[in-house]
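Hydrogens, waters and symmetry mates play no part in the numbers below; they use all other heavy atoms, side chains included. In what follows, every chain begins at residue 1, and chains take the letters A, B, ... in the order their sequences are listed.
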2 protein chains.
Amino acid sequence: MAKKGQYTYEYPHPAVTADCVVFGYDGKELKVLLIRRGLEKEASTTAYVGEWALPGGFLDVEKDRTVAHTAARELKEETGLKLSYKEFKEVGTYSDIKRDPRERVITVAHYALVKLSEVQADTDAEKAEWFAFGDVPSLAFDHDKILRDAFSRLKQNIHFEPVGFELLPEVFTLPQLQNLYESILEVKFDRRNFANKMKHYEILSEVDDGTPRHGTRTPIKYRFDKENYDRLKRSGFQLEF
Amino acid sequence: MAKKGQYTYEYPHPAVTADCVVFGYDGKELKVLLIRRGLEKEASTTAYVGEWALPGGFLDVEKDRTVAHTAARELKEETGLKLSYKEFKEVGTYSDIKRDPRERVITVAHYALVKLSEVQADTDAEKAEWFAFGDVPSLAFDHDKILRDAFSRLKQNIHFEPVGFELLPEVFTLPQLQNLYESILEVKFDRRNFANKMKHYEILSEVDDGTPRHGTRTPIKYRFDKENYDRLKRSGFQLEF
DNA sequence: GTTTTTTGTGTCATATTTACACACCTGCAA
DNA sequence: TTGCAGGTGTGTAAATATGACACAAAAAAC
């Protein structure tokens, strides 16, 4: 451990942290991964002990290539979840002079989307917990605002990025996809119109898993067609819903 | 001046700066305000001396309430332009470990929109210069990328915010507005369709400045109708172009 | 076994978007 | 003075996209 007061500067420097809003989807609701503060190893963590908070932590000035790397490293340390730094999309910087009672701390908030079914096993239940987005308790620091902002950002980005496909399993059904869109955009769509429009983009391909579809009650399974999506994206478009 | 090495921390802290991309519009082209590095007072400014760069500077840990305040303060110091911190929209955080050769510096980039005709007189020509967006020289640090990203952000935000009206004079003409939209979105519109659509939003009000309009050659002057715009915004909409 | 829920599908009316032409005045030049 | 090029205003018709809507079949619930 470093000796106290080892790092000196001519002018005061703020501490910098990266926080992560990790969204998942269980087929019904949008979920968020939270940690309980003060249960970790870090000695400097003395504020908001016991409260729920977003995973995140201090930038390692010498090792973290970018704050996205900080986000990835801290997320793994605090929740067990291993994500690449590339999966973090920046939400914004929170720099209010009083946002941390201990010292001046500026945080760069990120969000990431995960396939809940594939990562739920990796999350360290001792430290972290998945909350339904609607049931999130009040959080430490300004994390309530960060969470709201991250959700808004997700809501905006759904028009430009295939966020639905990052949250759903590889293979999914149209009703699942529609449900997810409705959860994020907080609206309801007509089933037929949604299907028509989605099919019109030609970014879904049917998956034949051998299961015979006797009636219409068993939904058709689809997979995201990344090639067509990329082609569409290159030609400049927008997913309108 | 502070004594060297006065500020000590248990762990290394990065320096934090705020940079500003200030966009203006002269009726023909989008413009950007740049400064030449090394001509200022700051002693620590030893990198990229003589090169063009975005205005910006170090967060004052004790005084700047947020990084937007830093941006506003530094912009005034470096270019003479007085903007409120509220006018800065965040573009993103640039934190690459090698982005500043001197020490680890993380910057939060912002953009702001100004009415060129109203502020050109305020800009300190000794230090700062307006460049056509297309003719910007290569910049210090990673400011080239920041500038590109700020422009992309502006391009996106034009769909959600009345950016045109922040860049044009109070009173403007439809061709001017169209030209601005075309500059930002990098497309061409049909004059009639543009006028129809814009009128349909009912956010323009004709200005009668007494000048008799003999023919159609003298364009009609408009003013931005903020009330109607706000009403429209509250009802959830999007400026589609 | 009966009822309820879920899913798939297509058409028609309406709204939106796009394409497109002409008349008028200004400013400039012959 | 005349003529011409350039910039501006305006409306309509065709194509496209959107939004509303109903029924049949099987699964799931009771």
J.: Write down the distance between CD (Q238(B)) and C1' (dA17(D)), rounded to a whole number of angstrom.
T.: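 Spelled out: CD on Q238(B) to C1' on dA17(D) is 16 Å.
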
J.: Over 60° means perpendicular and under 30° means parallel, so classify the ring planes of F194(B) and F241(B), tilted if in between.
T.: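 Answer is tilted, since the angle falls between 30° and 60°.
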
J.: How many Å lie between CD on E240(A) and P on dT18(D), as a whole number?
T.: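 Spelled out: CD on E240(A) to P on dT18(D) is 7 Å.
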
J.: Would the distance check show the side chain of K197(B) and the main-chain N or O of E240(B) forming a donor-acceptor pair, the cut-off being under 3.5 Å?
T.: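 Between the backbone of E240(B) and the side chain of K197(B) there is a qualifying donor-acceptor contact (under 3.5 Å).
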
J.: For the pair made of CZ in F194(B) and P in dT10(D), what is the distance, rounded to whole Å?
T.: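 Nearest whole value for this atom pair: 14 Å.
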
J.: Round to a whole Å and report the spacing from CZ of F189(B) to C1' of dT17(C).
T.: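 After rounding, the gap between these two atoms is 13 Å.
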
J.: Without hydrogens or angle criteria, can the side chains of D149(B) and Y94(B) be said to hold a donor-acceptor pair below 3.5 Å?
T.: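 Yes, Y94(B) and D149(B) have a side-chain donor paired with an acceptor closer than 3.5 Å.
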
J.: Would you kindly give the OH-to-C1' distance between Y201(B) and dA15(C), to the nearest whole Å?
T.: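 It works out to 14 Å between those atoms.
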
J.: When you check every protein heavy atom under 4.0 Å of nucleotides 2-13 of chain C, what one-letter string (B, S, -) results, 5' to 3'?
T.: ---BBBBBB---

J.: Find the distance F172(B):CZ to dT8(D):C1' and express it as a whole number of Å.
T.: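 So the CZ-C1' distance, F172(B) to dT8(D), works out to 16 Å.
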
J.: For the ring-ring contact (aromatic ring centres under 6.0 Å, His included) test, which of F160(A), F165(A), F224(A), Y201(A) pairs with Y229(A)?
T.: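 Of all the options given, the one that passes is F224(A).
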
J.: Q178(B) CD to dT10(D) P: how many Å, rounded?
T.: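 So the CD-P distance, Q178(B) to dT10(D), works out to 14 Å.
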
J.: To check you understand the geometry: which heavy-atom pair defines the closest contact between A68(A) and F88(A), and what is its length?
T.: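 Taking A68(A) first and F88(A) second, the nearest heavy atoms are O-CD1, 4.1 Å.
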
J.: Could you name each residue pair satisfying salt bridge (Lys or Arg N to Asp or Glu O under 4.0 Å) that touches residues 129-143 of chain B, not counting sequence neighbours?
T.: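 For residues 129-143 of chain B, and leaving out neighbouring residues, the salt bridge (Lys or Arg N to Asp or Glu O under 4.0 Å) pairs sorted by first residue read R99(B)-D142(B).
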
